[in-house]
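In the text below, chain A, chain B and the rest are named by the order of the sequence lines, each starting its count at 1.
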2 protein chains.
Amino acid sequence: MTLSEEDYIKTIYHLSEFNSKSVATNAIAEQMKTKPSSVTDMVKKLSEKSLVNYKKYQGVLLSEKGRLVALSIIRKHRLWEVFLVDKLNFSWDEVHVVAEQLEHIKSDALIDKLDAHLGYPKVDPHGDPIPNKDGVFTKSVKKLISELPVGSQGVCVGVNDSSAAFLKFLDKNKIALGDTFKIMEIEEFDGSVTISTRSGSIRISKQIATNLFLEIVDEE
Amino acid sequence: MTLSEEDYIKTIYHLSEFNSKSVATNAIAEQMKTKPSSVTDMVKKLSEKSLVNYKKYQGVLLSEKGRLVALSIIRKHRLWEVFLVDKLNFSWDEVHVVAEQLEHIKSDALIDKLDAHLGYPKVDPHGDPIPNKDGVFTKSVKKLISELPVGSQGVCVGVNDSSAAFLKFLDKNKIALGDTFKIMEIEEFDGSVTISTRSGSIRISKQIATNLFLEIVDEE
DNA sequence: AATTAGTTTTAGACAAAACTAAATAATTGT
DNA sequence: ACAATTATTTAGTTTTGTCTAAAACTAATT
Ligand SMILES: [Mn+2]
Ligand SMILES: [Mn+2]
Ligand SMILES: [Mn+2]
Ligand SMILES: [Mn+2]
């Protein structure tokens with residue numbers, strides 16, 4: 001598999017991760033910052049290799065084979081992110097671009113030994129699950145703050161947006177994975193949410209609330 | 001710089017490392033397992049970018065700029081090798097192929113932090129020096145066993161051939177970097193050498209003697 | 001049913017890095 | 001000195017992944 005093929009497969013996986021509808025050519029092009037015509041060419045090639053199921057004008061979906069390829073690249077990406085943060089002291093907003101390159105290194109032994117060296121982590125620095133060798137991972141029952149009712153309490157376990165800008169915002173506002181939050185009030189008007197933390201109570205905008213995942217501790 | 005350009009630059013560096021004569025097209029082709037015509041094309045391109053000095057039919061030499069590029073790739077290659085052996089428990093004969101890929105990862109921050117994480121090593125697992133950020137490294141005064149007279153004593157500090165085959169041979173014969181050897185006898189007929197080690201005396205063939213470096217402790 | 005806007009595919013071109021085959025330059029042996 | 005050999009370059013293709021422009025399709029609106 002070429003680097004380019006791997007990036008396409010991974011993009012298609014992510015675009016169909018939360019809805020099982022077929023992925024549009026334009027969506028792939030936008031995500032990968034290429035042109036739709038380039039996507040068509042590549043999708044044909046991936047289809048030849050049975051990595052995707054593709055019918056003209058009908059969009060594309062990963063085959064089971066393609067899904068496993070995607071998960072193996074995601075596994076590598078996330079393990080490298082853990083390495084960069086835990087061992088090399090990168091901050092969580094810097095690791096994505098580097099992992100984007102490291103995920104393409106081809107060596108099964110390398111990734112096995114890296115996994116062991118890191119103590120077989122289950123999640124990456126952004127709270128995303130790390131698939132095992134066979135592509136199996138536990139999809140945790142986490143919910144966006146914006147989807148929860150007043151009174152919910154939980155541990156912050158992940159981010160929906162893992163752009164450097166958002167992660168830096170969280171750092172600046174002393175919000176980190178592992179923190180426990182309780183939803184105190186939801187403002188009807190603008191969707192902003194008041195949450196209580198160990199160090200007091202803060203107001204977060206709707207945009208923030210739709211990008212932070214909680215794992216519920218006590219439903220009330 | 002593309003991956004391919006980087007590999008050419010590195011190859012040219014190594015081919016002119018021990019004699020400052022210009023490097024032949026054929027030599028590069030053989031080393032890189034490509035054809036001479038491909039080398040000519042690439043060398044023209046590198047010349048355009050002032051990474052090499054090239055005149056038709058006259059072979060090629062790295063410019064100062066090219067030399068620095070070569071050393072930065074070699075720095076990355078060797079730091080990754082240290083990482084693989086020291087942190088991930090690879091054996092020294094397995095690391096080269098993986099480092100061949102890792103050396104192309106583009107991130108200055110990554111290599112700085114890796115260097116720090118490893119404790120600023122001065123040599124790689126094969127005894128080869130690791131250049132610093134500015135391409136500076138200490139060329140140690142090591143000599144091949146085959147070049148030394150009877151009575152010389154020194155510490156084994158490097159290998160000339162770092163192929164997996166040779167390194168495995170050394171492991172099997174319990175020869176490792178850091179061992180102290182004394183040259184007891186040189187056989188005129190076949191160039192084989194008898195060396196004494198802590199655990200006794202062994203005979204090594206000329207081929208082995210031309211591939212092991214000693215750092216002399218006591219000239220006698 | 002026809003028009004239109006938006007999406008997707010086709011066709012043709014390009015750059016990078018390789019190849020083969022043929023031409024040319026350099027070197028070597030007699 | 002010159003023919004033979006070897007080394008190197010040129011010319012013309014190939015493959016991969018991209019692009020632009022034009023054509024074809026789909027879906028929504030009249
Ligand atoms: Mn990538
Ligand atoms: Mn991540
Ligand atoms: Mn390489
Ligand atoms: Mn080495």
Engineer: Please determine, for the side chain of Thr40(A), which listed nucleotide (dT18(D), dT8(C), dA26(C)) has the closest atom?
Structural biologist: dT8(C)
Engineer: How long is the span from the CG atom in Asp124(A) to the CZ atom in Arg75(A), to the nearest 0.5 Å?
Structural biologist: 13.0 Å
Engineer: Look at all strands and tell whether Thr34(B) reaches a base, only sugar-phosphate, or nothing, counting heavy atoms closer than 4.0 Å.
Structural biologist: sugar-phosphate
Engineer: Between P on dT10(C) and CE on Met42(A), what's the gap in Å once rounded to a whole number?
Structural biologist: 16 Å
Engineer: Tell me whether the side-chain N/O atoms of Tyr57(A) come closer than 4.0 Å to OP1 or OP2 in dA23(D).
Structural biologist: no
Engineer: What's the CD-C1' distance between Glu5(A) and dT15(D), to the nearest Å?
Structural biologist: 12 Å
Engineer: Under 3.5 Å, is there any donor-acceptor pair linking the side chain of Ser4(A) to the base of dT16(D)?
Structural biologist: no
Engineer: Any pair with a residue in residues 12-36 of chain B that passes side chain to side chain donor-acceptor pair (under 3.5 Å), sequence neighbours left out, goes on the list, sorted by first then second residue, please.
Structural biologist: none
Engineer: Quickly work out the Lys44(B) NZ to dA11(D) C1' distance and round it to whole Å.
Structural biologist: 10 Å
Engineer: If you assign Leu3(A) and Lys56(A) each to the DNA chain D nucleotide with the nearest heavy atom, which residue ends up on the more 5' nucleotide?
Structural biologist: Leu3(A)
Engineer: What's the closest nucleotide to the side chain of Ser38(A) if the choices are dA16(C), dT18(D), dC19(C)?
Structural biologist: dT18(D)
Engineer: Taking only distance into account, with no hydrogens and no angle test, what donor-acceptor pairs under 3.5 Å do side-chain atoms of residues 133-150 of chain B form with protein atoms, sequence neighbours excluded?
Structural biologist:
from, atom 1, to, atom 2, distance (Å)
Lys133(B), NZ, Asp112(B), OD2, 3.4
Glu147(B), OE1, Leu144(B), N, 3.3

Engineer: From C-beta outward on Asp41(B), which listed nucleotide comes closest to its side chain: dA18(C), dT18(D), dA26(C)?
Structural biologist: dA18(C)
Engineer: Using heavy-atom distances to pick each residue's nearest nucleotide on DNA chain D, tell me which of Tyr8(A) and Gln58(B) is more 5'.
Structural biologist: Gln58(B)
Engineer: Do Val23(B) and Val60(B) touch side chain to side chain, with heavy atoms closer than 4.5 Å?
Structural biologist: yes
Engineer: Nearest-Å distance, OH (Tyr54(B)) to C1' (dA25(C))?
Structural biologist: 12 Å
Engineer: For the pair made of NZ in Lys35(B) and C1' in dT14(D), what is the distance, rounded to whole Å?
Structural biologist: 15 Å
Engineer: Would you call the rings of His96(A) and His77(A) parallel, tilted or perpendicular, taking 30° and 60° as the class edges?
Structural biologist: tilted
Engineer: For DNA chain D, find the residues of residues 12-33 of chain A with a heavy-atom distance under 4.0 Å and give them by number; none if there aren't any.
Structural biologist: none
Engineer: Are Glu103(A) and Arg78(A) close enough for a salt bridge, meaning some N to O gap below 4.0 Å?
Structural biologist: no
Engineer: Can you tell me the distance, in whole Å, between the CG atom of Asp7(B) and the C1' atom of dA16(C)?
Structural biologist: 15 Å
Engineer: Just how far, in rounded Å, is P of dT8(C) from NZ of Lys55(A)?
Structural biologist: 16 Å
Engineer: So Phe83(B) and His117(A), would you call those rings parallel, tilted or perpendicular, with 30° and 60° as cut-offs?
Structural biologist: perpendicular
Engineer: Is a donor-acceptor pair below 3.5 Å formed from side chain Ser37(A) to base dT18(D), judging by atom type as modelled?
Structural biologist: no
